[in-house]
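The structure appears right after this line, and notes come after that.
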Amino acid sequence: MSTPEEIILPREIARANEHDVKIIWPDGEVILPAFELRADCWCAMCVDEASGRKLLKRESLRADVHPKMIKPIGNYAIQIEFSDGHRTGLYTFKHLRELGDRLAKSG
C-alpha cells in the first residue's frame, strides 16, 4: 500500500466493532483485529529496549482483548487503551499501515 519513506495520514480511525479497529486511508480501508494490534505493541513493556526482543507473548493475551479508547497523538500516531489495561503503546500511522499490509499478505 505504501512506500517506506511515504507517510500517509488516515482519514478516519475508529472502532469497527467490539474487537476491531477500522482505518480509512486515502486509498482504501483496513480492519485491524484488536488482538493483532495488542500483540504488535512495541512499547518498553512489550519489547526489550536494548535488544529489541519481544517480551509480550501472544499466548498470554486474551482472545477477546479489545480497545476501550483510541486517542490521537499529534499527526503521527494513536494510543489505544485495551481491555486488559495496557495503554502505554503508541501506534504510528506508518506502523499501522505496515501492520495492515502484513496482515493482508498473510491471509
Side-chain angles (χ1 to χ4, degrees):
M1 283 175 109
S2 65
T3 61
E5 63 280 348
E6 167 182 9
I7 297 179
I8 298 173
L9 298 177
R11 291 186 179 154
E12 178 183 341
I13 299 176
R15 289 180 61 166
N17 53 48
E18 185 180 349
H19 292 100
D20 303 321
V21 173
K22 173 178 69 173
I23 303 176
I24 300 175
W25 299 102
D27 60 348
E29 179 180 313
V30 64
I31 305 293
L32 298 175
F35 182 90
E36 295 300 331
L37 281 164
R38 178 66 183 89
D40 206 49
C41 182
W42 283 93
C43 78
M45 292 178 60
C46 296
V47 175
D48 181 273
E49 292 181 88
S51 69
R53 180 179 57 86
K54 270 301 243 188
L55 301 172
L56 176 68
K57 305 292 183 215
R58 290 176 69 86
E59 57 273 9
S60 72
L61 296 175
R62 291 181 52 118
D64 66 348
V65 68
H66 58 275
K68 291 176 65 179
M69 185 247 345
I70 301 171
K71 176 182 171 184
I73 305 296
N75 283 322
Y76 71 98
I78 60 171
Q79 181 178 30
I80 301 173
E81 180 181 342
F82 288 95
S83 57
D84 65 358
H86 188 72
R87 63 175 182 229
T88 58
L90 294 182
Y91 295 84
T92 65
F93 297 151
K94 182 178 184 217
H95 181 157
L96 294 168
R97 189 74 178 204
E98 290 170 354
L99 178 59
D101 289 347
R102 193 166 63 241
L103 292 174
K105 288 178 186 173
S106 69

**Message:** Strictly below 4.0 Å, N to O, side chains only: are Arg102 and Glu98 in salt-bridge contact?
**Reply:**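 Between Glu98 and Arg102 there is no salt bridge, as every charged N stays at least 4.0 Å from the carboxylate O atoms.
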Check whether [X] and [Y] end up in the same hydrophobic cluster, where Ile, Leu, Val, Met, Phe, Trp and Tyr are linked by side-chain heavy atoms less than 4.5 Å apart.
X     : Y     : value
Val30 : Leu9  : yes
Leu90 : Ile23 : no
Val65 : Ile78 : yes
Trp42 : Val21 : no
Leu61 : Tyr91 : yes

Atom of [X], atom of [Y] and distance for their closest heavy-atom approach:
X     : Y     : result
Ala16 : Ile31 : CB-CD1, 3.7 Å
Ala14 : Ile70 : C-CD1, 4.1 Å
Lys57 : Ser60 : O-OG, 2.6 Å
Ala34 : Phe82 : O-CE2, 3.8 Å

State whether the side chain of [X] and the backbone N or O of [Y] hold a donor-acceptor pair below 3.5 Å, judged by distance alone.
X     : Y     : answer
Arg15 : Pro67 : yes
Lys54 : Ala39 : yes
Gln79 : Arg87 : yes
Thr92 : Tyr76 : no
His66 : Asp64 : yes

Check: [Y] and [X] side chains under 4.5 Å, non-hydrogen atoms:
X     : Y     : value
His19 : Pro33 : no
Arg38 : Leu56 : yes
Cys46 : Leu55 : no
Phe35 : Leu37 : no

**Prompt:** How many angstroms lie between atom CZ of Arg62 and atom CG of Asp84, to the nearest 0.5 angstrom?
**Reply:**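 Here the rounded value is 9.0 Å.
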**Atom pair CG/CG of Leu32 and Asp40 - distance to nearest 0.5 Å** = 9.5 Å
**Request:** Assess whether atom CE of Met45 is packed by more than 12 heavy atoms of other residues, nucleotides or ligands within 6.0 Å.
**Result:**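 Incorrect, the count does not exceed 12.
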